[in-house]
Structures are given as C-alpha cells and as structure tokens.
Amino acid sequence: MSEQAHIFIESALLPHKNKTGLLDQIEGELTKVGLAATFKKSKPHHSLYQKARLVARDKAFADRMDPIVVIGNEAAANEVLSGFLSIDPDKKRPLLLCQLSEKNVKVADLVNQLTAALKVEAIVEEPMAMIEGDVPNKGRRYFLHYLQVGPDFSALLPTFNQKVVWKQAWQQFLDFWNLISRNQDKVTFAWSLRQGSSYQLYAKTLGLQVLNQADQDQPFNLRVVNQVAWPKILLTYLQGKKGRENPSRRGFITQPLKNEAAIHIRDLQGVKLDGNALENGAYSFQVKEAGTYPVISFSKSKETSK
C-alpha cells in the first residue's frame, strides 16, 4: 500500500464555474487525508509536463517510488509520464489515471476512489510507446493509449460513444464554423508519412492519432480525420457504434503503422500535440515501441459512476 502519491490535475478539464474553488477543495481534501506528497495543477503557461519534471528532479523524492496520480484524461497522463521519464527513463513509478468528469465533480467521492485504488494497488504492465525527434523540442515524448495531433474534438476518439459525442457536438460545430469561416488554414495542416521506402502525402488534415495496439507485427494504428465538410463528420458520428471503430470512411482513414514509421508535419498553424499548443513551424518524429509501464487499475463503484 502506498501512503502518499504525486498528484497532478489537468485544470482545463474542470467546469469553468468556480474552478478555483474546486481546485482548492480537491487539494484540501487530499492534504487532509495525507495522500498528496506533492500536488501540481496545470496553468495556461505551465503544462503538466513541466510540473512533472520539477517533481522528478526534487531530491526529497529521489529515493522514493511514490506512485503518480493523474486527474484528467489520457493526454494529461501522457504529459506527466513524459515529464518523469525525461529525467530518468529507467525509473518507472506506478501511474494511476482518474478520468475527470466535465461536470458534477464530487470531491469526496474522488478522494475515496483514489484512496481505495492506491490501497489495493493492482498494477498491470501496459504497452508504452514514444515519439522521438522534434516533438516539439528535440527529444522524446511518451504515450500509453494514444497520441493526438490536431484540435481537441471528439471526432478523433479511438472508439465512439454517442452520449459523449452529442454533449460536445454543438459547441464543436460552433467552434469549427467560426474558425473555418475566418481562415480554413488555421484548423488544417499538411503532413507526410514514411514507412521504409513507402511515402504518403496528406495536404489537408484536421487531426491525427497514433493508437498504441501492442501488436508485434502492427504495433500502431494511424487514425486520420481529413478536411471535409462538417455534415460528413456529423454523419460519421451518427454511423459510429459505441465501443467500436467507426465504419464510415468519409473523412476518416485508419491504417496500420509500423514501428519506427516517420511523420513530418508542416504548414502548422494553431495545432496542438496532446492538447498543448505547438508553435508555427514543422515537426518531424518517429513512432517507436518503448516497452511497458506499470499502471494501477482504477475502477469506479456503480454508485459513483452514475
């Protein structure tokens, strides 16, 4: 059993109403039960990647293997993971991801769930991957389930959940209509893919994901959303089945990706990597397998998951 953990929370995912009060309440409750060895929250100019690097360098925790708790989403977990491994790639602290609800965050339930999961500490080795190159600085970024390049919207989800999609579809429609009506180039980018001697070029893309499949022959899947009219994207939402990959090919391309495939992104304007804005320019990286990482399983009770 771990008595303490390093807590990281993606502040941007909290409801905008009373966000500061909610963050203070979460920090207070975690401190009250003595769970937080450190408590770090993202800020507009301070990502979780930077926060994780600070904790990893802290000499007070050099000889300890306190687990890492990320309250947020998969992208937030990737940021924290990359921050710790950038300091010491051989020191793998167990990681627990707690998906953060967009509304009705119940702090008491959240703290109880984290405490219970850390007490049991059911660790599973999950496949880990990395991108190496200019990502966005020279170096490496690690990811577990998937890595996303492009705007944050549900068309890039690896599986489709219509309940989640419909909650966000209207706001997404307004955001994309607003951006596209001003300058379409701001929400699209050109890129190329090289796998050995084969070379493919994509001129207009809304976003892409690299999905980690843990398959020896085809370790990754590349999922692409091309620049198409919004009604076609909406149609793809409608045709998707919960928990299944979308069967529609309109606007979506899914293809296997080999280990050490190279991706070059150019004509970049206002695009994000795992939710963090990238500066204008070109980025090149290779996608590689990176072994496994210890992950603590997290299961919500029926009462708190409603």
Side-chain angles (χ1 to χ4, degrees), residues 74-75 78 126-136 140-162 164-165 172 176 187-268 271-275 278 282-292:
E74 286 86 352
N78 291 343
E126 292 195 1
M128 181 173 63
M130 69 178 180
I131 55 175
E132 186 173 29
D134 299 318
V135 288
R140 297 175 176 177
R141 289 291 177 109
Y142 295 85
F143 65 99
L144 292 174
H145 300 103
Y146 65 89
L147 179 93
Q148 179 166 302
V149 180
D152 298 324
F153 72 115
S154 294
L156 294 180
L157 289 172
T159 56
F160 281 69
N161 185 328
Q162 288 180 336
V164 173
V165 165
Q172 290 165 2
F176 271 85
V187 293
T188 63
F189 56 94
W191 62 286
S192 58
L193 168 66
R194 179 174 57 81
Q195 301 198 69
S197 59
S198 65
Y199 182 89
Q200 294 169 276
L201 174 65
Y202 300 85
K204 289 287 185 181
T205 304
L206 282 174
L208 63 90
Q209 283 183 329
V210 178
L211 307 176
N212 193 359
Q213 297 193 129
D215 187 310
Q216 287 187 341
D217 298 327
Q218 297 178 347
F220 308 108
N221 238 358
L222 184 66
R223 182 176 180 81
V224 183
V225 181
N226 288 332
Q227 172 58 46
V228 295
W230 177 263
K232 287 188 177 181
I233 294 180
L234 190 60
L235 179 63
T236 314
Y237 281 156
L238 294 171
Q239 293 177 339
K241 302 296 182 182
K242 183 178 179 180
R244 288 175 51 196
E245 199 167 328
N246 198 308
S248 173
R249 304 292 291 185
R250 303 186 197 183
F252 292 84
I253 296 175
T254 303
Q255 66 180 75
L257 198 64
K258 296 178 182 178
N259 189 36
E260 298 190 10
I263 295 175
H264 178 73
I265 299 172
R266 57 196 182 282
D267 303 333
L268 198 63
V271 176
K272 298 180 179 181
L273 172 67
D274 259 2
L278 294 173
Y283 296 85
S284 298
F285 55 83
Q286 280 188 311
V287 182
K288 299 181 179 181
E289 296 174 276
T292 61

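Everything quoted here is computed from the prediction, not taken from an experiment. Heavy atoms only: backbone and side chains are in, while hydrogens, waters and symmetry mates are out. The chain is numbered in sequence order, starting from 1.
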Report yes if some heavy atom in the side chain of Y283 is under 4.5 Å from a heavy atom in the side chain of I263; otherwise report no.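 No, side chains not in contact.
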Do F189 and V149 have side-chain heavy atoms sitting under 4.5 Å apart?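 A side-chain contact exists here, since the closest heavy-atom pair is under 4.5 Å.
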Would M128 and T292 count as a side-chain contact (heavy atoms from CB on, under 4.5 Å) here? Give the steps. CA-CA 5 Å; M128 181 173 63; T292 61; 5.9 Å; no
Once rounded to the nearest 0.5 Å, what's the spacing between atom [atom1] of [X] and atom [atom2] of [Y]?
X	Y	atom1	atom2	result
Q286	R140	CD	CZ	11.0 Å
I131	K288	CD1	NZ	11.5 Å
R194	E260	CZ	CD	10.0 Å
S192	Y202	OG	OH	10.0 Å

Ignoring hydrogens, what is the shortest heavy-atom contact between [X] and [Y]? Give both atom names and the distance.
X	Y	answer
R266	H264	NH1-O, 3.9 Å
N212	A129	ND2-N, 3.7 Å
T254	R223	OG1-NH1, 3.5 Å
L201	W191	CD1-O, 3.6 Å

Is the backbone N or O of Y146 less than 3.5 Å from a side-chain atom of N78, with the two atoms forming a donor-acceptor pair by type?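 The answer is yes, because a donor-acceptor pair under 3.5 Å joins these two groups.
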Does Q195 reach the main-chain N or O of K258 with its side chain, forming a donor-acceptor pair under 3.5 Å?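 Yes.
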Going by the side-chain contact (heavy atoms from CB on, under 4.5 Å) test, name the single residue among L147, N221, L257 that passes it with L211.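 Result for side-chain contact (heavy atoms from CB on, under 4.5 Å) with L211: N221.
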I'd like to know whether Q200 forms a side-chain hydrogen bond (donor to acceptor under 3.5 Å, both in side chains) with Q255, so could you lay out the CA-CA distance, the side-chain angles of the two residues, the decisive distance to 0.1 Å, and finally the verdict. CA-CA 12 Å; Q200 294 169 276; Q255 66 180 75; 3.3 Å; yes
For residues Q209 and Q148, is any side-chain donor paired with an opposing acceptor at under 3.5 Å?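 There is such a pair (donor and acceptor under 3.5 Å, judged by atom type) between the side chains of Q209 and Q148.
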For a side-chain contact (heavy atoms from CB on, under 4.5 Å) check, start with the C-alpha distance between T205 and V224, then their side-chain angles and the critical distance, and finish with the verdict. CA-CA 7 Å; T205 304; V224 183; 3.6 Å; yes
